[in-house]
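For the single chain, residues carry numbers from 1 onward in sequence order.
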Amino acid sequence: MNQDGPQAELLRRAAEALARRDPQSALGLLDQADRIGPTHNGALNRAVALRLIGDFNGALMVLDDALAMQPYDFTALLAKAAMLEKIGRAQAAADVYRNALKIAPPRDRCPPPLAAQMDHADGVVRRHAEALRDHMKHEVAALRGTTDPASLDRFDEGLEIYAGLKTAPKQEPLLLDYPRLPAIPFYDRALFPWLDTLEAATPVIQAELEALLASSFDEFAPYIAYPKDAPVNQWGELNHSRKWSSLWLWRDGERQDAVCERCPRTAALLESLPMCRQEGFAPTAVFSALQPHTHIPAHTGSSNVRLLTHLPLILPGPARFRVGNTVRDWKMGQAWVFDDTIEHEAWNDADQMRVILIFDIWNPWLTDGEKALITAMMQARRGFTGEG
């Protein structure tokens, strides 16, 4: 005799009883269904019935049975975490909520009640992580004076990652992900002694930039310029927009003579610095202008074999820059070097335009031999694929 039909009918009637908030009738029907054979749906409904009569430990045991049948059932994991909360096992609840959120469906596809449960789970996980962070900070407080500020800054980030409040920065290059290079958001300036020379030249570069802005600002072109048929993703607002515009001194390894001739001292300075040199690819050097109250959304660069240098030139007010978990304010006369294959974004919070100089350099962890090999490899790939 095919018993699927009778069992399905019993499960349907049990669900109706639960909808009427009649858990005892539901349990009786579920007992009959289980005599035919245990089911995942039956276990979930039994857990609901036990919860309604206040048997939270019993509901927890039944949810474990359901998860033994389907370990990646998102709603069952949420229900289990809720039962753990009910019986006072806060840490275990946070752990289960965290695992559930890893497999959560897209929130915009969830009905409001499920989205509310996900919001609750997010809150529990966050509060647990914050409590863990605060506890660890308290326990190590006496040791904080034994290390230097730079190491302490890295430790604090590591502590928040360990607590679950942040994720470790990772390289996500769009073109070349070269192995065994460290994921360092902002590099130690001691690796680049020429930064002092660059910073000292700020007034010279500013003067030439101001002349360009006065005579040739129309030549600053939108930095983002995807064709109409291309997916723009996060660049919808800035695509073909002069909110973020640029004037190139070097582009994909080619010196832009017409621009360099109008800022000769800046061009000569850049020539003297260890820019990344790869025929057909680098260096790149550009004046980057960001209009007031404009945000450059999070993105990553093309290759971790090179790093980017920023030198602020016009800072009319607050302007921020984030790489990974680290947010810095630009300060006049202070340059930095960062890995742009780590997610980064920028804000001009001022009421006037912000302009910086950007150029690329080789990653300092590469040998000269590797640089030559990498360049030849990239040129070989371009020749094979015919890509521009």
Side-chain angles (χ1 to χ4, degrees), residues 167-187 191-192 221-241 244-256 270 273-288 290 296-310 321-326 336-346 356-388:
T167 57
K170 59 181 178 180
Q171 295 168 324
E172 300 178 275
L174 302 174
L175 177 64
L176 170 59
D177 192 351
Y178 196 73
R180 307 184 198 179
L181 295 177
I184 300 172
F186 288 95
Y187 270 65
L191 293 167
F192 315 105
Y223 193 90
I224 303 296
Y226 286 104
K228 291 182 178 179
D229 59 344
V232 295
N233 300 318
Q234 75 268 44
W235 300 113
E237 182 180 348
L238 293 179
N239 194 31
H240 295 285
S241 169
W244 184 20
S245 62
S246 55
L247 186 65
W248 303 86
L249 294 91
W250 271 262
R251 188 167 192 173
D252 298 330
E254 292 188 13
R255 187 179 189 271
Q256 307 299 297
L270 288 170
L273 298 177
M275 291 195 295
C276 179
R277 297 190 180 275
Q278 295 180 284
E279 185 179 347
F281 294 97
T284 290
V286 61
F287 291 122
S288 174
L290 195 62
I296 299 174
H299 61 288
T300 59
S302 62
S303 171
N304 59 344
V305 301
R306 50 93 169 128
L307 307 175
L308 291 191
T309 305
H310 279 179
F321 190 63
R322 177 184 70 84
V323 185
N325 296 318
T326 305
W336 58 49
V337 175
F338 73 100
D339 184 342
D340 78 324
T341 67
I342 297 172
E343 185 183 80
H344 58 286
E345 59 187 321
I356 61 174
L357 173 66
I358 305 174
F359 61 92
D360 50 11
I361 62 172
W362 282 107
N363 190 303
W365 302 113
L366 297 171
T367 66
D368 288 341
E370 280 183 298
K371 295 172 188 176
L373 282 167
I374 289 167
T375 301
M377 174 182 71
M378 292 174 68
Q379 291 169 338
R381 182 182 189 276
R382 176 172 286 180
F384 181 85
T385 63
E387 295 173 355

- Task: Salt-bridge test for R322 and E343: reply yes if a basic N is under 4.0 Å from a carboxylate O, no otherwise.
- Result: yes
Do side-chain atoms of [X] reach the backbone of [Y] as a donor and acceptor pair under 3.5 angstrom?
{"X": "E237", "Y": "I296", "value": "no"}
{"X": "H240", "Y": "Y226", "value": "yes"}
{"X": "E370", "Y": "T367", "value": "yes"}
{"X": "N363", "Y": "N304", "value": "yes"}
{"X": "D360", "Y": "L307", "value": "no"}

Partner set under side chain to side chain contact (heavy atoms under 4.5 Å, CB included) for [X], not counting sequence neighbours:
{"X": "P222", "answer": "R242"}
{"X": "Y223", "answer": "W244, S246, W248"}
{"X": "P231", "answer": "N233"}

- Excluding sequence neighbours, so at least two apart, what forms ring pair (Phe, Tyr, Trp, His ring centres under 6.0 Å) with F192? W194
- Task: For H299, enumerate each residue passing the ring pair (Phe, Tyr, Trp, His ring centres under 6.0 Å) test, keeping only those at least two apart in sequence or located in another chain.
- Result: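 Here the qualifying residues are W235, H344.
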- Query: Do the numbers put R255 on top of the ring of W250, so that NZ or CZ is under 6.0 Å from the six-membered ring centre and no more than 45° off the axis?
  - Reply: yes
Let me have the donor-acceptor pairs involving side chains of residues 275-282, under 3.5 Å, with sequence neighbours excluded, atom names and distances please.
residue: R277; atom: NH2; partner: E271; partner atom: OE1; Å: 3.3
residue: Q278; atom: NE2; partner: T375; partner atom: OG1; Å: 3.3

- Going through the distances and angles, do L249 and F287 end up as a side chain to side chain contact (heavy atoms under 4.5 Å, CB included)? CA-CA 8 Å; L249 294 91; F287 291 122; 3.7 Å; yes
- Test side chain to side chain contact (heavy atoms under 4.5 Å, CB included) on T300 and D340 and set out the steps. CA-CA 6 Å; T300 59; D340 78 324; over 6 Å; no
- Query: How far apart are the C-alpha atoms of W336 and F321, what are their side-chain angles, what is the distance that settles it, and do they pass the ring pair (Phe, Tyr, Trp, His ring centres under 6.0 Å) test?
  - Reply: CA-CA 11 Å; W336 58 49; F321 190 63; 5.7 Å; yes
